[in-house]
Amino acid sequence: MERARRTRSVLAALTAALLAVPGITALSSAARAADADVAANGGFESGLTGWTCTAGTTVNAPVHSGSSALQATPLGSDNARCSQTVTVQPNAQYTLSGYVRGSYVYLGATGTGTTDVSAWTQSAPDWQKLSTTFRTGAATTKVTIHTHGWYGTGAYQADDITLVGPGGSGTGQPPAAPAGLRTASVTSSSVGLSWSAVTGATGYAVYRDGARVQTVTGTSATVSGLAAATAYSFQVTALNDAGESAKSATVTATTTAGPGGGTSDLPPHALVGYLHASFANGAGYTRLADVPDSWDVIDLAFGEPTSVTSGDIRFRRCPVTECPNVESDAEFKAAVKAKQAAGKKVLISIGGQNGQVQLTTAAARDTFVSSVSDIIDTYGLDGLDIDFEGHSLSLNPNDTDFKNPTTPVIVNLISALKTLKAKYGAKFVLTMAPETFFVQNGYQYYGTGKWGGQDPRCGAYLPVIHALRDDLTLLHVQDYNSGPVMGLDNQYHSMGGADFHIAMTDMLLTGFPVAGDQNNVFPPLRPDQVAIGMPASTNAGNGHVSPAEVTKTLDCLTKKTNCGSYATHGTWPALRGLMTWSVNWDRYANWEFQKTFDAYFG
């Protein structure tokens with residue numbers, strides 16, 4: 001104790017001596033108090049409020065502290081930058097720091113007025129602190145802090161980001177939350193909003209289903225690019241130099257029904273199934289007349305080409321030697337008419353696992369149109385299902401814009417389908433059954449990519465779907481026999497549960513940037529154009545889920561109840577329904593899939 005008292009006495013004497021020397025002053029407690037953390041929501045406890053992210057979300061694990069952290073995933077042409085602009089004082093010293101996990105993670109500041117700075121780590125398997133300092137310029141009042149990863153290196157996490165230094169000289173306090181939020185107009189693809197002005201606000205941020213979608217300076221906004229007949233929730237915040245207000249009260253709006261688009265008088269909720277019409281397997285042969293009335297669309301599997309590039313499609317019904325109980329041609333045609341009289345649609349499905357179709361030339365395109373027309377006319381069918389798999393569709397290396405494709409097999413297929421639609425008219429039923437690799441995987445990768453080396457088939461269905469979206473009756477992606485696919489939450493989702501189907505369907509109904517390019521967004525489809533593809537039984541394909549998981553999927557997408565870990569971007573009560581491979585396998589499994597659909601939709 002005595003030694004401690006003597007030490008304090010010496011320190012006091014030294015301090016007094018320093019104060020007596022001209023030009024030397026002690027750092028007062030008031031000066032120390034001026035330094036503060038001027039970054040807002042650096043722990044991401046309020047989601048992404050205050051941050052602008054190209055490919056970010058918040059997660060509950062892993063976190064450095066608190067209950068949330070940032071997680072962002074760099075894609076093919078995006079480094080997953082998250083940034084925030086803060087108010088600072090000129091000629092002042094600041095320290096930027098934060099905790100990160102992942103490979104090639106950067107933390108930096110721009111617009112300092114002196115030298116922009118950054119700190120980074122090549123590899124941080126666990127939380128690692130990054131820190132850097134800078135001095136603002138003589139006229140600098142705003143600085144942008146940011147974190148980002150590196151192209152294609154996987155997700156990174158960031159948490160507890162701080163910018164410590166003198167507080168800015170702006171308004172001092174963020175504005176109050178806006179009041180009076182209301183819908184002003186609603187169409188099939190947009191919702192107009194208005195709200196009361198907030199004192200001290202210099203702008204407003206609009207949120208759709210919790211995600212920030214635009215910033216405006218006035219007290220009204222129109223959120224567009226929405227799906228028809230879909231429920232959305234909206235909130236607004238007020239902005240000024242000091243930060244962002246709390247969110248307003250929530251208003252909800254349901255977009256109106258869209259234009260026809262080839263709905264072809266299907267029931268509001270439809271059950272789609274493939275019927276093994278040209279072959280038999282372990283499920284056995286099922287006669288068309290014996291398909292129960294629950295099935296609204298029956299796809300005859302399969303029409304196949306005489307050769308991969310001929311475009312000459314033939315439909316050969318199962319021979320008696322393989323299918324002893326097969327009906328005659330006359331009985332088959334009579335069954336088609338009976339199904340149609342009962343309000344059902346019978347289509348020819350082209351392709352399948354073994355039916356590779358590549359329309360490489362205009363001649364192959366024209367042969368495709370004429371041969372498919374012959375099948376439709378011969379059996380009196382309602383339309384066509386495109387089930388191109390394997391190597392039927394791929395993109396040339398220089399074909400990078402899904403809105404303006406140049407690859408012959410893509411361009412010729414689009415032309416052929418438009419010709420068939422024009423020939424048969426508005427009631428012509430056009431459906432597609434791509435695999436996830438050709439559609440949702442386009443969120444990460446598209447074709448060979450900007451630097452080459454990627455699978456040219458990735459995302460190759462997107463230009464076909466987009467070009468035919470006004471003619472498309474149904475898209476039912478095969479949510480089975482699939483590898484893990486990244487959803488809009490930038491998490492990988494795997495088959496076997498409701499979350500996979502929810503995430504994959506949400507992507508179709510929300511839209512997504514192709515290959516991570518925010519300037520090249522695949523627009524959402526209408527919910528009445530979308531059915532969810534599932535295997536009918538464990539024998540039918542990988543990715544079968546139980547009836548309880550099917551119900552969870554439908555509850556979440558149509559009611560936003562019973563959801564799991566994936567947060568959807570809307571609610572779609574007009575979702576068309578379910579597709580399955582196959583009617584035959586469902587019969588083999590005692591009609592479990594059909595019973596689940598009937599129990600849910602009635």
*Asn490 versus Tyr443, side-chain donor and acceptor atoms under 3.5 Å*: yes

*Parallel under 30°, tilted from 30 to 60°, perpendicular over 60°: which one fits the rings of Tyr446 and Phe402?*
perpendicular

_Looking only at the side chains, is there a donor atom on one of Gln128 and Thr121 sitting less than 3.5 Å from an acceptor on the other?_
yes

*Does Arg469 count as lying over the ring of Phe522, i.e. NZ or CZ under 6.0 Å from the six-ring centre, within 45 degrees of the axis?*
yes

*Do Gln214 and Tyr207 have a side chain donor and acceptor closer than 3.5 Å?*
no

*Would you say the side chains of Asp555 and Tyr600 form a donor-acceptor pair under 3.5 Å?*
yes

*Output yes when Asp401 and Lys403 qualify as a salt bridge under the 4.0 Å nitrogen-oxygen rule, no when they do not.*
no

*Under 3.5 Å side-chain donor-acceptor pair for Ser248 and Gln235*: no

_side-chain contact (heavy atoms from CB on, under 4.5 Å), that's the test. Do His466 and Asn404 meet it? Break it down for me._
CA-CA 10 Å; His466 183 68; Asn404 298 286; over 6 Å; no

*So how far is it from Thr436 OG1 to Asn481 CG, rounded to the nearest 0.5 Å?*
9.0 Å

*Might you point out which heavy atoms bring Leu130 and Leu107 nearest each other, and give the distance in Å?*
O-CD2, 3.8 Å

*Does the Trp51 side chain pair with the main chain of Asn41, one donor and one acceptor, at a distance under 3.5 Å?*
yes

*asked:* Going by the rule side chain to side chain contact (heavy atoms under 4.5 Å, CB included), which residues pair with Thr187 if we only count those two or more places apart in sequence or in a different chain?
replied: Ser189, Ser190

*Verdict with reasoning, Phe438 to Val464, per side-chain contact (heavy atoms from CB on, under 4.5 Å)*: CA-CA 11 Å; Phe438 294 88; Val464 181; over 6 Å; no

_Side chains of Ser67 and Glu45: any donor to acceptor distance under 3.5 Å?_
yes

*Does the side chain of Asp506 pick up a donor-acceptor pair with the side chain of Tyr566 at under 3.5 Å?*
yes

_Thr110 vs His146 side-chain heavy atoms within contact, under 4.5 Å_ = yes

*Ala119 and Ser131: which non-hydrogen atoms are nearest, and at how many Å?*
CB-O, 3.7 Å

*For Thr140 and Lys142, work out which heavy atoms get closest and say how close.*
CG2-O, 3.5 Å

*asked:* Between Arg101 and Asp126, does the side-chain contact (heavy atoms from CB on, under 4.5 Å) criterion hold? Intermediate values first, please.
replied: CA-CA 5 Å; Arg101 294 175 81 253; Asp126 204 351; 3.8 Å; yes

*May I ask you to check whether Phe500 and His493 place their ring centers less than 6.0 Å from one another?*
no

*Pick from His501, Met579, His476: which one makes a side chain to side chain contact (heavy atoms under 4.5 Å, CB included) with Met534?*
His501

*With sequence neighbours excluded, tell me which residues meet side chain to side chain contact (heavy atoms under 4.5 Å, CB included) with Ala574.*
Ala229, Pro527

*asked:* Tell me which one of Thr237, Leu239, Thr49 satisfies side chain to side chain contact (heavy atoms under 4.5 Å, CB included) with Ser245.
replied: Thr237

*asked:* Quiz question: by atom type and distance under 3.5 Å, do the side chains of Ser565 and Asp499 form a donor-acceptor pair?
replied: yes

_Short N-O contact, Glu389 and Arg457, less than 4.0 angstrom_ = no

*Would Thr136 and Thr114 count as a side-chain contact (heavy atoms from CB on, under 4.5 Å) if you check the C-alpha gap in whole Å, the side-chain angles of each, and the deciding distance to 0.1 Å?*
CA-CA 6 Å; Thr136 54; Thr114 54; 6.0 Å; no

_To check you understand the geometry: which heavy-atom pair defines the closest contact between Trp195 and Gly218, and what is its length?_
CZ2-O, 3.4 Å

_For Thr505, run the side chain to side chain contact (heavy atoms under 4.5 Å, CB included) check against Thr568, Val530, Thr553 and tell me which one passes._
Val530

*So do Leu475 and Ile465 actually touch side chain to side chain, heavy atoms under 4.5 Å?*
yes

*Rounded to the nearest 0.5 Å, how far does CG of Asp455 lie from OG1 of Thr448?*
10.0 Å

*asked:* If we count only N and O atoms by modelled type, under 3.5 Å, do the side chains of Asp209 and Ser233 hold a donor and an acceptor together?
replied: yes

*asked:* For Thr144 and Thr85, which I'm curious about, is there any donor-acceptor pair between the side chains at under 3.5 Å?
replied: yes

*Thr132 OG1 to Asp116 CG distance, which is reported to the nearest 0.5 Å*: 10.5 Å

*For the ring pair Trp150 and Tyr156, is the centre-to-centre distance below 6.0 Å?*
no

*Taking the six-membered ring for Trp and the full ring for Phe, Tyr or His, determine whether the centres of Tyr480 and His544 are under 6.0 Å apart.*
no

*Nearest heavy-atom neighbours spanning Ile161 and Asp37*: O-OD2, 4.3 Å

*Over 12 non-hydrogen atoms of neighbours within 6.0 angstrom of NZ in Lys247*: yes

*Is the closest side-chain donor-acceptor distance between Ser97 and Thr162 under 3.5 Å?*
yes

